[in-house]
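Index from 1, following the sequence. Treat the numbers as computed from the prediction; the structure is a model and nothing was measured.
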Amino acid sequence: MEPYPRPKIPVEPILSLESFGRNQKPQLPSIVDVGRAKFVTSGRIAIAQALRHTGIKPGEKVLVPSYHCASMVAPVLWAKATPVFFCINPDTSVDLRDAEKQLDDDVKVMLVTHYFGFPQPMTEIRQFCDKHGLMLIEDCAHAFFGTYDQQPLGSFGDYAIASAMKFFPVYDGGCLVSNKHALDDIVLTSPGRTFQIKAFLNNLEHAYEYNRLRPLRYLTYLPMYLLNQIWKNIKALSQDSRENPIGPASSDGGFGLDPHWIDTSMSSISKVVIQSTSTGRLITKRREHYLALLDALSDLPNCYPLFANLPDGTVPYVFPLVVNDPEPVFDQLKRQGVPIIRFGETLCFSNETDQCGVSKSFSRRTLQFPCHQDLRPEELQWMIETIRKTFATN
Ligand SMILES: *Cc1c(COP(=O)(O)O)cnc(C)c1O
């Protein structure tokens with residue numbers, strides 16, 4: 001089978017001049033407002049840090065939602081703990097009755113995800129964890145911003161983690177926060193200069209690929225060329241590049257966890273980008289794009305939007321559409337260059353979800369379309385029209 005073409009529009013946030021600038025309203029809290037924060041290179045490393053900080057011992061158990069991606073399980077295995085899966089309900093909320101069935105004396109930690117940016121019922125979940133003496137890790141990988149019951153997401157857990165790549169135009173980045181535990185004993189070292197250069201180059205390259213930062217492109221042509229040459233040489237020189245890669249797998253589309261990145265801090269360029277991003281624009285655009293998709297795709301046959309409402313305090317990660325018979329439309333859309341994310345896409349082939357029909361079904365049937373802040377109006381329009389046409393002929 002022919003490989004799918006590169007998406008015609010950017011699947012994730014991308015650097016442009018509009019990314020920055022004066023902070024506009026509206027403002028919503030982000031995970032870094034919650035408490036002490038540590039910036040690492042990815043969300044999965046933040047999970048690993050959180051687990052280590054709980055003091056979990058080898059052989060003890062972590063409750064993990066059966067609707068998950070491999071990068072949520074990798075840190076549990078890294079901590080030599082055992083993942084135990086619990087079911088979710090058809091509205092993606094945690095099925096606490098099923099979670100209770102999984103409990104035994106070895107279960108010490110619960111990991112809970114705000115899928116696609118939509119909050120879990122945190123009051124009940126917090127009560128459940130307190131009742132059973134569990135530490136709670138709030139996985140805000142899809143919810144860098146937002147509130148539940150007027151409180152910031154990330155403030156309910158003992159720890160919360162986020163992934164920067166899903167919300168900001170950065171190559172690397174993740175964060176661990178806590179408003180309940182001091183994180184002073186976590187000491188991070190800065191990544192090497194080669195990684196810093198790679199993170200910087202990757203940002204620019206990605207932007208140029210999708211025709212952003214045009215004026216800069218010519219200005220930086222020569223420096224980019226030279227840096228790329230240096231880059232190639234570094235790669236050729238580092239013989240142990242497989243054991244000691246210059247970038248973590250998290251930045252290049254993999255799901256693995258690289259143990260030697262655990263104690264490394266986020267690149268400087270990512271810090272600068274995150275600090276200078278206009279979060280008001282980010283929040284407004286994501287919500288606008290989500291509502292435009294909702295409006296345009298709600299009446300399509302043989303599918304339904306997973307969340308038909310966008311609550312006030314919610315900043316969506318993507319637009320999830322549940323499709324009855326996903327394979328033909330997935331294939332046709334990918335061929336036309338429509339970017340699609342499928343959270344937990346391999347779960348339907350694994351026995352991890354056997355006890356949860358909802359997770360198995362979602363992992364196969366939920367297609368997610370981007371609604372990030374850096375989609376241009378004509379790109380969003382093209383995506384909507386292509387999706388509508390494709391569904392009409394299926
Ligand atoms: C992406 C993701 C992670 C891991 O984040 P990375 O930054 O890719 O390591 C964790 N949890 C969920 C729910 C995710 O979607």
Side-chain angles (χ1 to χ4, degrees), residues 1-16 18-19 67 69 92 115-118 141-142 163 165-169 202 205-212 252-255 282 285-308 310 315-348 361-394:
M1 200 177 76
E2 248 182 86
Y4 293 123
R6 187 192 71 157
K8 279 208 175 126
I9 61 176
V11 61
E12 299 213 302
I14 191 164
L15 219 51
S16 71
E18 297 92 69
S19 310
Y67 190 37
C69 56
T92 76
Y115 297 104
F116 313 120
F118 293 75
H142 299 176
S163 171
M165 288 86 90
K166 288 173 178 146
F167 282 82
F168 298 90
N202 189 275
E205 266 170 356
H206 206 50
Y208 296 161
E209 240 185 312
Y210 284 100
N211 266 316
R212 266 70 170 182
D252 293 315
F255 289 109
L282 182 157
K285 291 273 176 200
R286 281 187 179 253
R287 287 182 54 90
E288 272 174 22
H289 294 165
Y290 189 94
L291 290 172
L293 284 159
L294 191 60
D295 186 51
L297 305 180
S298 287
D299 65 342
L300 288 185
N302 304 317
C303 66
Y304 68 92
L306 183 51
F307 302 99
L310 183 63
V315 182
Y317 160 47
V318 285
F319 178 83
L321 190 69
V322 189
V323 184
N324 293 347
D325 183 18
E327 273 75 23
V329 273
F330 176 82
D331 186 67
Q332 286 168 35
L333 288 170
K334 289 288 276 188
R335 278 184 202 294
Q336 295 172 86
V338 173
I340 305 178
I341 302 166
R342 289 176 101 171
F343 179 75
E345 61 188 331
T346 56
L347 285 180
C348 53
S361 164
F362 279 176
S363 72
R364 191 175 80 86
R365 292 171 56 221
T366 306
L367 307 184
Q368 298 118 49
F369 300 102
C371 66
H372 62 76
Q373 66 273 19
D374 298 318
L375 287 177
R376 290 177 166 161
E378 64 275 15
E379 291 174 333
L380 184 67
Q381 216 41 54
W382 170 81
M383 180 166 71
I384 286 174
E385 274 160 27
T386 312
I387 295 172
R388 285 193 64 89
K389 263 190 239 148
T390 305
F391 270 86
T393 55
N394 265 282

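- Of all heavy-atom pairs between I387 and L333, the closest is CA-CD2, 3.9 Å.
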Practice task
Could you go through the side chain to side chain contact (heavy atoms under 4.5 Å, CB included) check for L294 and L291 one step at a time?
Solution key: CA-CA 5 Å; L294 191 60; L291 290 172; 4.3 Å; yes

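- Annotation: side chain of R342 is not in contact with side chain of T366 (no heavy-atom distance under 4.5 Å).
- We find the CZ-SG distance between R287 and C371 to be 10.5 Å, quoted to the nearest 0.5 Å.
- Salt bridge status for K334 with E327: absent, with no side-chain N to carboxylate O gap under 4.0 Å.
- Scanning all heavy atoms of the two residues, the minimum distance from R212 to D374 falls at NH2-O, 2.6 Å.
- Side-chain atoms of D331 and Y4 include a donor-acceptor pair closer than 3.5 Å.
- Contact record, R376 with N211: NH2-O, 3.7 Å, taken as the closest heavy-atom pair.
- Here the closest heavy-atom approach between residue P370 and residue L375 is recorded as O-CD1, 3.5 Å.
- Two residues are said to be in side-chain contact when any heavy atoms from C-beta on lie closer than 4.5 Å; Y115 and Q368 fail this criterion.
- P13 has its side chain out of reach of F168: every pair of non-hydrogen atoms, C-beta onward, lies at least 4.5 Å apart.
- In terms of heavy-atom proximity, L347 sits nearest to Y67 at CD1-CA, 3.9 Å.
- Distance check, rounded to the nearest 0.5 Å: CD of Q373 to OG of S16 gives 8.5 Å.
- For the pair T92 and F307, the minimum side-chain heavy-atom distance is below 4.5 Å.
- Considering only heavy atoms from C-beta on, L367 stays 4.5 Å or farther from I341 through its side chain.
- For the pair P339 and I9, the minimum side-chain heavy-atom distance is below 4.5 Å.
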Exercise for the section: Before giving the answer on side chain to side chain contact (heavy atoms under 4.5 Å, CB included), spell out for L15 and H206 the whole-Å C-alpha distance, their side-chain angles and the decisive distance to 0.1 Å. Expected result: CA-CA 8 Å; L15 219 51; H206 206 50; over 6 Å; no

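- Of the charged side-chain nitrogens involved, none lies within less than 4.0 Å of a carboxylate oxygen, so that R364 and E345 do not count as a salt-bridged pair.
- To the nearest 0.5 Å, atom CZ of residue R286 and atom CG of residue L310 are 12.0 Å apart.
- For the pair R6 and E209, the minimum side-chain heavy-atom distance is below 4.5 Å.
- Side chains of Q336 and T390: a donor on one and an acceptor on the other come within 3.5 Å.
- The distance between the ring centers of F319 and F369 does not fall below 6.0 angstrom.
- E379 contributes atom CD, which lies 7.5 Å from atom NE2 of H372 (distance to the nearest 0.5 angstrom).
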Problem - Verdict with reasoning, V338 to W382, per side chain to side chain contact (heavy atoms under 4.5 Å, CB included) - result: CA-CA 9 Å; V338 173; W382 170 81; 3.8 Å; yes

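- A distance of 8.5 Å separates CG of L321 from OG of S298, quoted to the nearest 0.5 Å.
- When side chains are defined from C-beta on, F116 does not count as touching P316, because their heavy atoms never get closer than 4.5 Å.
- Checked for salt-bridge contact, R388 and D299 meet the test: a charged N lies under 4.0 Å from a carboxylate O.
- In this structure, the ring of F343 has its center no less than 6.0 angstrom from the ring center of Y317.
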Exercise for the section: Determine, stepwise, if the pair L293 / L380 fulfils side chain to side chain contact (heavy atoms under 4.5 Å, CB included). Expected result: CA-CA 8 Å; L293 284 159; L380 184 67; 4.2 Å; yes

